[in-house]
Amino acid sequence: MSRYFITTPIYYVKDAPHVGHAYSTVNADALARWHRLVGDDVFFLTGTDEHGQKVARAAEEQGMAPLEWTDQLSPRFAEAWAGLDIANDDFIRTTEPRHRVAVQQFLSRINDNGYIYKDTYRGLYCVPCERYYAADELLPGGFCPDHRIPLEELEEENYFFKLSEFQQPLIDWYAAHPGAVVPEPKRNEALSFIKGGLHDISITRTSIDWGVRVPWDDAHVFYVWYDALINYVTAIGYGQDQERFDEWWPSVHHLIGKEIIRFHCVWWPAMCMAAGIDPPAHVQVHGWLLLGGDKMSNSSVNRISPAELTEEYGVDPVRYHLLRDVPLGSDGEFSAEGISARYNADLANNLGNLLSRVTTVVGSKCDGVGPAPDPDSRLAGVAADVLAETTAAWDAGAPHLALESTWRLIHETNAELETAEPWKAEPGPAVDAVLGSALEVLRLVAVLVVPAMPSTAREIWRRIGLSGAPADQRLPAAGVWGGYPGGLAVEKGAPLFPRRKD
RNA sequence: GGCGGCGUAGCUCAGUUGGUUAGAGCACACGGCUCAUAAUCGUGGGGUCGCCGGUUCGAGUCCGGCCGCCGCUACCA
């Protein structure tokens, strides 16, 4: 049995969960579910990032202690994921004691290894932005690009991480691990950044105390990014359960958005090297959901909550749309028209209608008892091809291709029914063979759509009379043609996906 | 400015190392069917493959130039 450790970014609690967060999380969930289906030992991690100045400031405005404040915010993410049928194995909060311990151990290790030193950071600071700007980011005259105000030169005593020492080691590591970051253009982006020269970065702050305390110097807390990245190893027992840690690291799959490439593909692997562990084996970078051409992001007004969408379209259709219409790696347009069109074409017309017509004809020609499939059906070959393609697509991190392939099987089955016309024939072996094969396809489809639409998979499974749950099936064994036993009561239910009129 | 990517049917995109009439899905039109959620099945229309030039027997696929769009070029998460 192989292990599959997949992570989402941990989401900054300052913002409400939106569809952009959901996109990452649903993709990670689908990949996790696929790997469970093929029998891998899966650990799927998500969570919330809760330290930093912005959170502290917001809490203060609410008249609350920071932890009291994030105790209210973090569950909103957990609830959003529950509402999308996300089956994460752990939900980490950076405010948990286990994380504080891990961060302190991880960074103490880096410190012990000689990669941290104390120095003064000097930079141009924008107070409203709460951040430093590099000189070439500024408007002419030295103004903040957002606020158009002059910046203050500030100095702060910080601990620095010797990132500069990892330029060559990172270049060498990426050369030895060409598939570590996908898709390739993103890998090149990370690499060109590294090759452009790395300088040391400050990793602690004294101006705030909402963070993980630096164990060797009480006046400092770690800068929020430095604490956040470490969540990935906290959750698998870093510094607390060495055996468990060794089982899961470094063969992790980090799923991230393209805006945080630098942190995951430069800082994080360097930190790992400095701490004496291997860098993460896989980083898969995805694009953004665009709404009318604009990024759906934390700050913009165009955010949509996952709950609004699932209320309108249903949980599985939202999951399906996110997985099917936005290939991992490129940006995708998210629109009501898009999701509606996909819903009607793929879910209502193809899949839902196939289930309806098959269960109806089984009712009229077989007294509602599903017959066994035809071992020599043309569909057996199609199913074998589709299983191979679907498997290859998930392995390649391409859910949209996996689903596209599965829908080819649905299409071929609809076509097969047109040819055989069992509704015209007298009951008998010929009709049984056709309908049994169609039921077998529905069984296979139920298994193959588990990663994308877990509830739908269960419902199809139940209606064609099978017991247990499709998620408990194991591929490739369950994908072999002929698994539908026949002799089961088939239920003609209400349409699985009622056609939408918009 | 530097580095990188993109521009193929109305829409979203696929197009291996250059090779017969450039593909898919959706949308559209026509035909079949009527078991099914007016669903389904089949057929078809539709593309100067951003522009110009070059290499080649032959280029969407290689080379040069141009136009348009986008990303990265470090301390916001």
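As the structure is a prediction and not an experimental result, all values here were calculated from the model. Lettering follows sequence order; numbering is per chain, from 1.
The side chain of A/Glu259 has B/A77 as its nearest neighbour among B/C41, B/A36, B/A77. Among the nucleotides B/A77, B/A74, B/C41, the one closest to the side chain of A/Ala415 is B/C41. Nearest nucleotide to the side chain of A/Ser356, out of B/C33, B/U73, B/U37: B/U37. When distances are taken from the side chain of A/Leu198 to each of B/A77, B/C33, B/A74, the shortest belongs to B/A74. Ranking B/U40, B/C76, B/C33 by closeness to the A/Tyr223 side chain, first place goes to B/C76. For A/Trp423, counting side-chain heavy atoms from C-beta on, the closest listed nucleotide (B/U37, B/C41, B/U34) is B/U34. Of the candidate nucleotides B/C75, B/A77, B/C35, B/A77 has the atom lying nearest to any side-chain atom of A/Phe263. Of the candidates B/U73, B/U40, B/U34, the closest approach to any side-chain atom of A/Phe193 belongs to B/U73.
Scanning for side chain to side chain contact (heavy atoms under 4.5 Å, CB included) contacts around A/Asp325 gives A/His321, A/Arg342, with sequence neighbours left out. Listed by chain and residue number, A/Thr204 satisfy the side chain to side chain donor-acceptor pair (under 3.5 Å) test with A/His220 (two or more places apart in sequence, or in another chain). The ring-ring contact (aromatic ring centres under 6.0 Å, His included) check on A/Tyr115 picks up A/Phe166, with sequence neighbours excluded.
A/Lys424 comes within 4.0 angstrom of sugar-phosphate atoms only, judged by non-hydrogen atoms across all strands, and of no base. Residue A/Tyr11 is out of contact with every strand shown, counting any heavy-atom pair closer than 4.0 Å. If you check every strand for non-hydrogen atoms under 4.0 Å, A/His411 touches sugar and phosphate atoms only. Contact annotation for A/Arg205: base contact, defined as any heavy-atom pair under 4.0 Å involving a base atom. Residue contacts for A/Gly197: at a heavy-atom cut-off of 4.0 Å it reaches a base atom on one of the strands shown.
For A/His177 and A/Trp173, the ring centers are positioned less than 6.0 Å apart. Between A/Trp268 and A/Phe106, a ring centre-to-centre spacing shorter than 6.0 Å is recorded.
The nearest heavy atom of RNA chain B to A/Leu496 and to A/Leu163 marks one nucleotide each, and the one closer to the 5' end goes with A/Leu496. For the pair A/Pro498 and A/Asp325, both in contact range of RNA chain B, the more 5′-proximal nearest nucleotide belongs to A/Asp325.
Between A/Arg93 and A/Asp49 there is no salt bridge, since none of the side-chain N atoms of the basic residue sits less than 4.0 Å from a carboxylate O of the acidic one. Between A/Arg262 and A/Glu189 there is no salt bridge, since no side-chain N of the basic residue sits under 4.0 Å from a carboxylate O of the acidic one. The residues A/Glu50 and A/Lys14 are annotated as not salt-bridged, no charged nitrogen and carboxylate oxygen being separated by less than 4.0 angstrom. Contact check on A/Arg463 versus A/Glu459 returns a salt bridge, with a Lys/Arg side-chain nitrogen under 4.0 Å from an Asp/Glu carboxylate oxygen.
Rounded to whole Å, the distance from CG on A/Leu417 to P on B/C35 is 13 Å. Separating the CZ atom of A/Arg324 from the C1' atom of B/G25 is a distance of 7 Å, rounded to the nearest angstrom. For A/Ile194 and B/U73, the CD1 to P distance is 13 Å, given to the nearest whole Å. Note: CG (A/Asn414) to C1' (B/C41) measures 8 Å, nearest angstrom. As a whole-Å value, the separation of A/Ile256 CD1 from B/G71 P is 17 Å. Rounded to an integer number of Å, the gap from CD of A/Gln53 to C1' of B/C76 is 10 Å. Distance A/Trp407 CH2 to B/C13 C1': 19 Å, rounded to the nearest Å. Between the P atom of B/C76 and the CZ atom of A/Arg57 lies a distance of 14 Å, rounded to the nearest Å.
Cation-pi geometry between A/Arg205 and A/Tyr223 is met: under 6.0 angstrom from the ring centre, within 45 degrees of the axis.
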Where do N or O atoms of nucleotides 28-31 of chain B meet protein N or O atoms at under 3.5 Å, pair by pair?
none

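Separating the C1' atom of B/G1 from that of B/G47 is a span of 38 Å, rounded to the nearest Å. For the C1' atoms, the distance from B/A29 to B/G18 is 36 Å, rounded to whole Å. For the P atoms, the distance linking B/G15 with B/A77 amounts to 37 Å, nearest Å. Separation of the P atoms belonging to B/U61 and B/G54 is 14 Å when rounded to the nearest angstrom. The gap from the P atom of B/A59 to that of B/U21 amounts to 12 Å, rounded to the nearest Å. Straight-line distance between the C1' atoms of B/C26 and B/A9: roughly 12 Å, to the nearest whole Å. With both ends at atom P, the span from B/G23 to B/C69 equals 32 Å, rounded to whole Å. Straight-line distance between the P atoms of B/G46 and B/A22: roughly 12 Å, to the nearest whole Å.
At B/A77, none of the side-chain N or O atoms of A/His21 fall inside 4.0 Å of OP1 or OP2 (strictly under the cut-off). A/Arg262 has no side-chain polar atom (N or O) that falls below the 4.0 Å cut-off from OP1 or OP2 of B/A74. Using a 4.0 Å cut-off, no side-chain N or O of A/Lys186 falls inside it from OP1 or OP2 of B/C72.
The distance from atom CG of A/Leu442 to atom CH2 of A/Trp461, rounded to the nearest 0.5 Å, is 11.0 Å.
Residue-to-nucleotide contacts include no donor-acceptor pair under 3.5 Å from the side chain of A/Glu404 to the base of B/G25. Below the 3.5 angstrom threshold, one finds a donor paired with an acceptor across the side chain of A/Ser202 and the base of B/C75.
Applying the 6.0 Å contact sphere to CD of A/Gln168 captures more than 12 heavy atoms from other residues, nucleotides or ligands. The number of heavy atoms from other shown groups lying within 6.0 Å of CD (A/Glu184) does not exceed 12.
If you check the side chains of A/Glu259 and A/Trp288, you find a donor sitting under 3.5 Å from an acceptor. Between A/His51 and A/Tyr226, the side chains place no donor N or O within less than 3.5 Å of an acceptor N or O (distance only, hydrogens not considered).
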Map every base of RNA chain B to its dot-bracket character, where paired means a Watson-Crick or G-U wobble contact with both distances under 3.5 Å and | marks a partner outside the strand.
-> (((((((..((((.....[...)))).(((((.......))))).....(((((..]....))))))))))))....
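Non-hydrogen atoms lying under 4.0 Å from RNA chain B are contributed by A/Ala348, A/Asn349, A/Asn350, A/Gly352, A/Asn353, all within residues 339-355 of chain A.
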